> 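After the structure tokens below, expect a handful of questions from me.
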Amino acid sequence: MSENLIGYIDDQGNILDTQTAGENCTATPIEYDNSEQALEIVRHSTAHLMAQAITELYPNSQFFVGPVVDEGFYYDFRIDEQIGENDLKGIEKKMKELIKKKYKIEKYEISKEEALVKFANDDLKLKVMERITDDTLSIYKQGDFEDLCRGPHVPALRFLHNFKLTRVAGAYLGGDEKAEMLTRIYGIAFADKESLKAHMTMLEEAKKRDHRKIGAEMNLFMFDEESGAGLPFWMPQGAKLRAKLEDILHKAHRVRGYEPVRGPEILKADMWRTSGHYACYGENMYLTTIDEQEYGIKPMNCIGHIQIFKQTQKSYRDLPVKFYEYGVVHRHEKSGVLHGLLRVREFTQDDAHIFCAPDQIATEVIDVVEFVDSVMKLFGFEYTMEVATKPEKAIGEDAVWELATQGLKDALTENKLPFTIDEGGGAFYGPKIDVKITDALGRKWQCGTIQVDFNLPERFGVEYVAEDNTRKQPVMIHRAILGSFERFIAILVEHYAGEFPFFLAPTQVIFVPISESHVAYAKALKKTLMLEGIDSEVYDKNDSLNKRIRTAEKQRVPYVVIVGDEEVQGNSVAIRNRRTREQYNLTQDEFMVELTQQLQEGKI
RNA sequence: GCCCAUAUGGCUCAGGGGUAGAGCACUUCCUUGGUAAGGAAGAGGUCGUGAGUUCAAGUCUCACUAUGGGCUCCA
């Protein structure tokens with residue numbers, strides 16, 4: 001048996017550990033390295049080692065489950081003491097001591113009846129067993145420590161040297177909000193020191209890109225304790241960035257046949273009763289009373305668009321009607337989930353509703369998918385699509401749901417677009433395609449969404465005059481490309497680490513005049529640029545030239561332009577490339593051509 | 001909402017029962033400099049909010065608010 005053998009993988013792709021496989025196993029061996037299978041075994045065993053260390057340090061602890069997850073492993077447990085981040089070092093130290101004891105990891109099997117007796121005093125283990133249907137259970141033992149576990153595990157503790165406990169958190173038992181809160185410790189493990197170090201470095205780098213940190217550094221947005229949680233303020237730099245994004249999207253909507261509309265922020269509660277929001281989404285809505293009538297602040301923009309559609313009679317010739325709005329919505333998110341701009345209580349959706357005939361659904365959905373694709377390509381985002389089906393809280397007939405869900409799947413399948421299924425993840429009024437993009441920290445965020453809805457048109461009596469002069473009901477497709485400006489900008493900030501492409505940068509050019517006599521020239525250029533829709537600043541503060549260049553360089557601005565006697569005389573500019581620190585000169589005309597070309601890149 | 005942690009000038013942080021410090025940023029003045037920090041002076045904080053303990057509270061206790069890491073949910 002190889003020194004580095006830690007398990008096997010069988011024909012079905014299942015991992016067998018050496019304890020289970022025994023001698024002379026013929027399945028494909030798994031060596032101790034950073035392969036997916038090897039790390040699964042290593043991380044699972046590290047979770048057990050952590051549990052053993054916690055048991056020695058805090059003897060009254062009881063353990064629930066300790067699985068391997070995308071980002072490492074965790075173990076949930078109940079403990080009398082309070083554990084904080086500061087205690088992790090102590091647990092790590094104990095783990096290292098245990099490794100030195102060179103325990104073997106042994107496995108034995110017992111019947112479920114035996115197990116129920118063995119763990120009779122451990123209600124958490126009993127809870128674990130409730131989920132297991134097998135009659136035979138396996139126990140893994142290292143030193144005095146035993147744990148009910150399905151495995152797989154490494155053969156000995158010596159394979160567990162390269163780990164790090166990363167954070168402490170609370171977690172509901174079984175993920176149930178009403179259940180007891182257990183303590184959870186997360187950790188990560190690799191087969192070698194270098195990989196562990198690289199992983200920790202990657203986390204550090206990701207932290208530097210955090211949109212909350214860069215947002216503060218670049219004065220993009222802020223939150224204010226006195227004003228309330230989850231309510232973002234856009235400062236001038238952030239507002240300029242956002243305006244540019246809005247402008248790009250305005251044009252993109254118009255060329256695709258969308259018409260701008262705008263509905264009120266607040267509507268009578270009866271409208272929300274009709275729509276079903278009151279019943280299905282009411283707990284997330286802000287309600288108020290005006291002249292003894294109940295009103296609700298909109299959490300979605302659908303109703304406004306429906307009322308506008310209904311205002312004039314529509315013919316089949318008018319379809320599809322596409323309304324879009326940068327709709328400000330308010331939702332009562334739980335205080336604990338608020339997270340920078342990624343999760344807020346007031347945000348603006350790039351929302352649109354397409355009213356079309358049922359036989360137009362497939363074409364319209366594909367058009368939206370194309371729209372999503374061009375936006376994602378513009379920013380260089382990878383994304384995945386997911387079809388979400390009927391949730392528990394829902395309105396409408398099952399048959400209608402089935403029809404709409406199939407319509408979405410067909411549209412994607414016919415165009416050979418890959419997708420996964422999210423069972424029960426749909427909106428309460430219809431199934432949807434979610435577009436998820438990955439941020440700099442590897443987290444996936446739902447941004448775009450395409451939802452087919454037969455229910456709201458029915459509830460609001462929306463209709464059009466068909467070819468045979470009868471009244472028919474249109475289908476509504478709800479869709480957003482960015483999802484919300486807040487979330488999308490957060491992801492953009494992290495994606496670009498604040499170094500936005502020219503067409504998005506809040507300040508696109510900084511002029512540094514060499515001395516006071518060149519300020520007027522710089523200011524004239526600034527005005528010329530502004531007329532072309534380009535934002536620039538003139539750094540004419542009473543600081544040394546070097547200081548002003550340094551300050552300008554630190555601003556993550558695409559162009560730093562130096563102007564002195566030579567430039568004034570030659571009607572030119574000296575451009576500094578912020579990355580290479582190289583300089584080149586252009587005439588004013590060449591400069592304007594270069595900048596307007598870069599603006600063009602933002603057109604989709 | 002729940003578990004844990006954190007909260008000191010605009011920002012980053014030090015100080016740990018005897019009434020506040022640094023660097024950067026900011027203001028003014030000198031310096032007019034050709035590619036990453038010129039010099040001097042100055043202003044700015046009742047130490048998140050409210051109670052309590054104490055002769056005395058940024059400092060200890062409690063509550064609240066906000067933020068961070070998770071659970072859950074979602075754009």
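Since the model is a prediction, treat every value here as computed from it, not as a measurement. Residue numbers start from 1 in every chain, and the chains themselves are labelled A, B, ... in the order their sequence lines are given, proteins ahead of strands.
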> Encode nucleotides 5-12 of chain B as B, S and - characters from 5' to 3', where the letter depends on protein heavy atoms closer than 4.0 Å: B to the base, S only to sugar-phosphate, - to neither.
S-------
> May I ask you to say what A/Gly327 touches in the nucleic acid, namely base, sugar-phosphate or nothing, with a heavy-atom cut-off under 4.0 Å?
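No contact at all - A/Gly327 keeps every heavy atom at 4.0 Å or more from the nucleic acid.
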> Considering non-hydrogen atoms only, spot the tightest contact between A/Gln508 and A/Pro558 and give its length.
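Nearest pair, atom of A/Gln508 first, then A/Pro558: O-CD, 3.5 Å.
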> What I want to check is whether an N or O donor and acceptor connect the side chain of A/Arg331 with the base of B/C73 at under 3.5 Å.
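There is none.
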> With a 3.5 Å limit on both atom pairs, tell me what B/U72 is paired to, counting Watson-Crick and G-U wobble, or say none.
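Pairing partner: none.
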> Under the 3.5 Å rule, do the base of B/C3 and the side chain of A/Arg184 count as making a donor-acceptor pair?
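Donor-acceptor pair under 3.5 Å: no.
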> Got a donor-acceptor contact below 3.5 angstrom from the A/Lys436 side chain to the A/Cys447 backbone?
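Here the side-chain-to-backbone pair does not exist.
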> Separation of A/Arg487 atom CZ from B/C73 atom P, in whole Å?
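Spelled out: CZ on A/Arg487 to P on B/C73 is 14 Å.
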> Describe, in one word, how the ring planes of A/His495 and A/Phe381 are oriented to each other, choosing from parallel (under 30°), tilted (30 to 60°) and perpendicular (over 60°).
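A/His495 and A/Phe381: tilted rings.
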> Scan every strand shown for a Watson-Crick or G-U wobble partner of B/C26, both distances under 3.5 Å, and answer none if you come up empty.
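Answer to the pairing question: B/G42, which forms a Watson-Crick or G-U pair with B/C26.
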> Checking A/Asp224 now: which residues fulfil side-chain hydrogen bond (donor to acceptor under 3.5 Å, both in side chains) with it, not counting sequence neighbours?
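For A/Asp224 the side-chain hydrogen bond (donor to acceptor under 3.5 Å, both in side chains) partners, ignoring immediate neighbours, are A/Ser227.
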> Does the ring of A/Tyr186 lie flat against the base of B/G70, closer than 5.5 Å centre to centre with planes under 30°?
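It does not: the ring fails the test against the base of B/G70.
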> Write down the distance between CD (A/Gln555) and C1' (B/A36), rounded to a whole number of angstrom.
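After rounding, the gap between these two atoms is 12 Å.
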> Contact class for A/Tyr74 (heavy atom, under 4.0 Å): base, sugar-phosphate, or nothing?
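Since no nucleic acid heavy atom lies under 4.0 Å of A/Tyr74, the category is nothing.
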> Report all side-chain donor-acceptor pairs from residues 560-569 of chain A shorter than 3.5 Å, counting only partners two or more places apart or in another chain.
{"unit_1": "A/Asp565", "atom_1": "OD1", "unit_2": "A/His518", "atom_2": "NE2", "d": "2.7"}
{"unit_1": "A/Glu567", "atom_1": "OE1", "unit_2": "A/Gly564", "atom_2": "N", "d": "2.8"}

> May I ask you to say what A/Val344 touches in the nucleic acid, namely base, sugar-phosphate or nothing, with a heavy-atom cut-off under 4.0 Å?
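It contacts base atoms.
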> Check whether any side-chain N or O of A/Arg184 sits under 3.5 Å from a backbone N or O of A/Tyr75 as a donor-acceptor pair, and report yes or no.
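Such a contact is absent between A/Arg184 side chain and A/Tyr75 backbone.
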> More than 12 heavy atoms of other residues, nucleotides or ligands under 6.0 Å from NZ of A/Lys240: yes or no?
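Buried by this count: over 12 neighbours within 6.0 Å.
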> Hey, could you give me each pair passing salt bridge (charged side-chain N to carboxylate O under 4.0 Å, His left out) that has a residue in residues 335-347 of chain A? Not counting sequence neighbours.
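Those involving residues 335-347 of chain A are A/Glu333-A/Arg343.
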> When you measure from the side chain of A/Ser275 to the backbone of A/His277, do you find a donor-acceptor pair of N or O atoms at a distance under 3.5 Å?
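Yes, because the side chain of A/Ser275 sits within donor-acceptor range (under 3.5 Å) of the backbone of A/His277.
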> If you only use heavy atoms from C-beta on, which nucleotide in B/A36, B/G70, B/G68 is closest to the side chain of A/Arg167?
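Taking heavy atoms from C-beta onward, the closest nucleotide is B/G70.
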> Have a look at A/Leu182 and say if it touches a base, only the backbone sugar-phosphate, or nothing, with a 4.0 Å heavy-atom cut-off.
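If one applies the 4.0 Å heavy-atom cut-off, A/Leu182 turns out to touch nothing in the nucleic acid.
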> Need the pair for B/G33. Rule: Watson-Crick or G-U wobble, both distances under 3.5 Å, any strand; none if unpaired.
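With both distances under 3.5 Å required, B/G33 matches none.
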> Expressed as a whole number of angstroms, how long is the span from A/Glu386:CD to B/C74:C1'?
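Taking CD of A/Glu386 and C1' of B/C74, I get 13 Å after rounding.
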> Sticking with atom P, work out how far B/C73 lies from B/U59, rounded to a whole angstrom.
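Between the two P atoms, the distance is 39 Å.
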> Scan for salt bridge (charged side-chain N to carboxylate O under 4.0 Å, His left out) pairs involving residues 477-489 of chain A, sequence neighbours excluded, and state none if there are none.
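Non-adjacent pairs meeting salt bridge (charged side-chain N to carboxylate O under 4.0 Å, His left out): A/Arg242-A/Glu486.
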> Grab the N/O contacts between the protein and nucleotides 25-35 of chain B below 3.5 Å, and write none if there aren't any.
{"unit_1": "B/A25", "atom_1": "OP1", "unit_2": "A/Lys547", "atom_2": "NZ", "d": "3.1"}
{"unit_1": "B/C26", "atom_1": "OP1", "unit_2": "A/Lys541", "atom_2": "NZ", "d": "3.2"}
{"unit_1": "B/C26", "atom_1": "OP2", "unit_2": "A/Lys541", "atom_2": "NZ", "d": "2.9"}
{"unit_1": "B/C30", "atom_1": "N4", "unit_2": "A/Asn542", "atom_2": "ND2", "d": "2.8"}
{"unit_1": "B/U31", "atom_1": "N3", "unit_2": "A/Asn542", "atom_2": "OD1", "d": "2.9"}
{"unit_1": "B/U31", "atom_1": "O4", "unit_2": "A/Asn542", "atom_2": "OD1", "d": "2.2"}
{"unit_1": "B/U31", "atom_1": "O4", "unit_2": "A/Asn542", "atom_2": "ND2", "d": "2.6"}
{"unit_1": "B/U32", "atom_1": "O2", "unit_2": "A/Glu516", "atom_2": "N", "d": "3.2"}
{"unit_1": "B/U32", "atom_1": "N3", "unit_2": "A/Glu516", "atom_2": "OE1", "d": "3.4"}
{"unit_1": "B/U32", "atom_1": "O4", "unit_2": "A/Glu516", "atom_2": "OE1", "d": "2.9"}
{"unit_1": "B/G33", "atom_1": "N7", "unit_2": "A/Ile514", "atom_2": "O", "d": "2.4"}
{"unit_1": "B/G33", "atom_1": "O6", "unit_2": "A/Ile514", "atom_2": "O", "d": "2.8"}
{"unit_1": "B/G34", "atom_1": "O6", "unit_2": "A/Asp565", "atom_2": "N", "d": "3.0"}
{"unit_1": "B/G34", "atom_1": "O6", "unit_2": "A/Glu566", "atom_2": "N", "d": "2.9"}
{"unit_1": "B/G34", "atom_1": "N1", "unit_2": "A/Glu567", "atom_2": "OE1", "d": "2.8"}
{"unit_1": "B/G34", "atom_1": "N1", "unit_2": "A/Glu567", "atom_2": "OE2", "d": "3.4"}
{"unit_1": "B/G34", "atom_1": "N2", "unit_2": "A/Glu567", "atom_2": "OE1", "d": "3.4"}
{"unit_1": "B/G34", "atom_1": "N2", "unit_2": "A/Glu567", "atom_2": "OE2", "d": "2.9"}
{"unit_1": "B/U35", "atom_1": "O2'", "unit_2": "A/Arg576", "atom_2": "NH1", "d": "2.6"}
{"unit_1": "B/U35", "atom_1": "O2'", "unit_2": "A/Gln583", "atom_2": "NE2", "d": "3.4"}
{"unit_1": "B/U35", "atom_1": "O2", "unit_2": "A/Arg576", "atom_2": "NH1", "d": "2.8"}

> What's the NZ-C1' distance between A/Lys178 and B/C73, to the nearest Å?
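Nearest whole value for this atom pair: 12 Å.
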> Mind calculating the distance between CG (A/Leu245) and C1' (B/A75) to the nearest angstrom?
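It works out to 14 Å between those atoms.
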